[in-house]
Amino acid sequence: MKYTSRDKAIILLSDGTVFYGKSIGIKGTTTGEICFNTGVTGYQEIFTDPSYFGQIMLSTSPHIGNYGVHDDEVDSDGIKIAGLVCKNFNFNYSRPSASGSLFDYFEKMNLVVVSDVDTRALVSYIRDNGAMNAVISTDGKSVEELKGILNSTPDMNGLELASSVSTKEPYFYGNENAPLKISALDLGIKTNILRCFDEREVYVKVFPYNTPFSELEAFNPDGYFLSNGPGDPQPLTGVVEVAKLMIASNKPVFGICLGHQILALCQGINTYKMFNGHRGINHPVMNVITGKGEVTSQNHGFAVVRDEVEKHPNVEITHYHLNDNTVAGIRLKDKEVFSVQYHPESSPGPNDSKYLFDQFVQNIKNKKEA
């Protein structure tokens, strides 16, 4: 173990509530919306998921770091969470194939981590009082100092974050000789989504979030994809207009998570910030079309207004969350356009929903053959 004696650390919530823990040895202070993930595995994929940008991750799993890190288990170019709160942080790891320890991984990125926290009490508090901003500190700042820092932290509601994680320049992924190709709008795309397309012989050109439709169209794609990403979808008015043009092209369109919310907005259906979001790898979803349940990986703090979907003449619900009946999937009745609120690329998580990539690919093939 690298540290025999560790400094005290503070977690200050925006309502003034304070929790205490210990530093793992990386000094600093960071802010963001605190959220919890219930997954018991897949922490490296979670930490590198661009959808978590600007958020402090609270892990409900009692052990973090126990299997180290691996070069193949990343979903972006680096850590995207603002900070981490956990119960037991493991400096040592047991997996033979690991490329290193989680501590070394965090130390390179200077990520602030608070461990030895009563995470059950903190999760219960957030569940009862709702998602809120927080500041975590391991460098000795007082509560009064942290209150000043926290007061200047922007609220997630109305906050545009896709621009912070989107690629700055277009790039390609997959085999350029693949029979199918798509244009993907990067709002915070996960690497495993691109792997899923590559596995299905789809060549992808990934574009920055603010790319005009004419540039996406110039690639002459067989379909369009709207990716996942962080933040509130409503400020992304330009992306909403691009989504309208994607649909008007009459080519198949697929959206995941933030992309799902964008598709709803472009049809005049509103979104809202949830009291607590869905974050974990065992969320139950009902597929209305097949009548089958799916265990899904989810990560979102915003959702689509269900009443407005049900009243829309051209949009229907395809999936809903079995815990709270929120909308988990929609499709347009007159076009090959659909989206889901969860993560079918299952990184981390179960494979129940990977068929959605097959469905999108089949929609493209059907369109090309028509």
Side-chain angles (χ1 to χ4, degrees), residues 30-35 37 42-57 73-84 105-106 108-112 131 133 153-173 183-197 204-212 215-216 224-240 242-243 254-263 265 271 273 277-279 297-302 339 341-345 347-348:
T30 189
T31 64
E33 183 183 70
I34 191 165
C35 64
N37 188 295
Y43 55 71
Q44 190 178 359
E45 293 94 333
I46 292 167
F47 300 156
T48 58
D49 180 351
S51 295
Y52 282 121
F53 184 82
Q55 293 182 305
I56 296 171
M57 174 53 58
E73 294 172 358
V74 295
D75 260 316
S76 67
D77 58 358
I79 295 171
K80 293 296 183 288
I81 60 171
L84 174 67
Y105 191 62
F106 282 164
K108 290 177 183 176
M109 304 296 291
N110 198 34
L111 188 82
V112 180
N133 282 343
T153 303
D155 189 81
M156 188 65 74
N157 202 1
L159 189 61
E160 186 279 300
L161 292 175
S163 59
S164 299
V165 295
S166 178
T167 182
K168 304 305 178 187
E169 298 291 337
Y171 66 91
F172 298 94
Y173 193 98
S183 289
L185 200 61
D186 177 14
L187 309 177
I189 198 166
K190 293 174 68 176
T191 304
N192 208 48
I193 290 175
L194 297 174
R195 295 191 193 106
C196 287
F197 283 130
V204 186
K205 187 172 184 180
V206 184
F207 294 86
Y209 83 103
N210 56 352
T211 304
E215 292 186 29
L216 278 72
Y224 295 98
F225 177 72
L226 288 159
S227 86
N228 63 291
D232 190 335
Q234 294 202 18
L236 294 168
T237 53
V239 178
V240 170
V242 168
F254 180 26
I256 289 177
C257 206
L258 182 57
H260 160 80
Q261 297 158 13
I262 293 295
L263 278 178
L265 288 171
T271 59
K273 192 176 189 303
H278 296 153
R279 298 179 179 90
S297 176
Q298 301 207 5
N299 168 23
H300 60 101
F302 292 83
S339 61
Q341 183 62 84
Y342 50 95
H343 285 270
E345 78 283 354
S347 180

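Scored by the salt bridge (charged side-chain N to carboxylate O under 4.0 Å, His left out) test, Glu45 finds no partners at all (sequence neighbours excluded). Every residue two or more places apart in sequence or in another chain that forms a ring-ring contact (aromatic ring centres under 6.0 Å, His included) with Tyr342 is listed here: His319. In this structure, the side-chain contact (heavy atoms from CB on, under 4.5 Å) partners of Phe172, at least two apart in sequence or on a different chain, are Tyr203, Lys205, Phe219. For Phe47, the ring-ring contact (aromatic ring centres under 6.0 Å, His included) partners two or more places apart in sequence, or in a different chain, are Tyr43, Phe106. The side-chain contact (heavy atoms from CB on, under 4.5 Å) test applied to Pro154 returns Leu159, not counting sequence neighbours. When the ring-ring contact (aromatic ring centres under 6.0 Å, His included) test is applied to His343, no partner is found at least two apart in sequence or on another chain.
A heavy-atom distance below 4.5 Å is found between the side chains of Glu345 and Ile256. Side-chain contact check for Tyr52 versus Asn37: some heavy-atom pair is nearer than 4.5 Å. With contacts defined as side-chain heavy-atom distances shorter than 4.5 Å, the pair Phe53/Ser76 does not qualify. Put simply, the side chain of Ser339 does not reach to within 4.5 Å of the side chain of Leu226, judged on heavy atoms. Side chains of Tyr171 and Leu194 form a contact here, defined as non-hydrogen atoms less than 4.5 Å apart. A heavy-atom distance below 4.5 Å is found between the side chains of Leu236 and Leu258.
Here the shortest heavy-atom pairing between Arg195 and Asn192 reads NH1-OD1, 2.9 Å. Pro208 approaches Lys168 most closely through the heavy-atom pair CG-O, 3.7 Å. When all heavy atoms are compared, the tightest approach of Lys190 to Pro50 is CG-CD, 4.1 Å. The two residues Phe302 and Asn157 come nearest to each other via the heavy atoms CE2-OD1, 4.0 Å. Here the closest non-hydrogen pair linking Lys80 and Asp49 is CB-O, 3.5 Å. Nearest heavy atoms, Val239 versus Tyr209: CG2-O, 3.5 Å.
Thr48 pairs with exactly one of Ile81, Val74, Asp77 by the side-chain contact (heavy atoms from CB on, under 4.5 Å) rule, that one being Val74. In summary, of the residues considered (Gln298, His278, Gln261), a side-chain hydrogen bond (donor to acceptor under 3.5 Å, both in side chains) with Gln341 occurs for Gln261 alone.
Atoms CG and OG1, on Leu265 and Thr237 in that order, are 10.5 Å from each other to the nearest 0.5 Å. Going from atom CE of Met57 over to atom CD of Glu33 covers 10.5 Å, rounded to the nearest 0.5 Å. Interatomic distance, Arg279 CZ to Ile46 CD1, rounded to the nearest 0.5 Å: 11.0 Å. Leu161 CG to Ser166 OG: the interatomic distance, rounded to the nearest 0.5 Å, is 12.5 Å. The distance from atom SG of Cys257 to atom CG of Asn228, rounded to the nearest 0.5 Å, is 6.0 Å.
Side-chain contact, Asn133 with Thr153: no donor N or O sits under 3.5 Å from an acceptor N or O. With hydrogens and angles left out, the side-chain atoms of Thr167 and Asp186 include no donor and acceptor closer than 3.5 Å.
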Practice problem: Before giving the answer on side-chain contact (heavy atoms from CB on, under 4.5 Å), spell out for Leu216 and Thr211 the whole-Å C-alpha distance, their side-chain angles and the decisive distance to 0.1 Å. | Solution: CA-CA 7 Å; Leu216 278 72; Thr211 304; 3.2 Å; yes
Practice problem: Please test Leu185 against Ile262 for side-chain contact (heavy atoms from CB on, under 4.5 Å), starting from the C-alpha separation and ending with a verdict. | Solution: CA-CA 11 Å; Leu185 200 61; Ile262 293 295; over 6 Å; no
Exercise. Could you please spell out the steps behind the side-chain contact (heavy atoms from CB on, under 4.5 Å) verdict for Ile193 and Phe225?
Key: CA-CA 10 Å; Ile193 290 175; Phe225 177 72; 3.8 Å; yes
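Side chain of Glu160 to main chain of Ala162: a donor-acceptor pair is present (N/O by atom type, distance under 3.5 Å, no hydrogens or angles).
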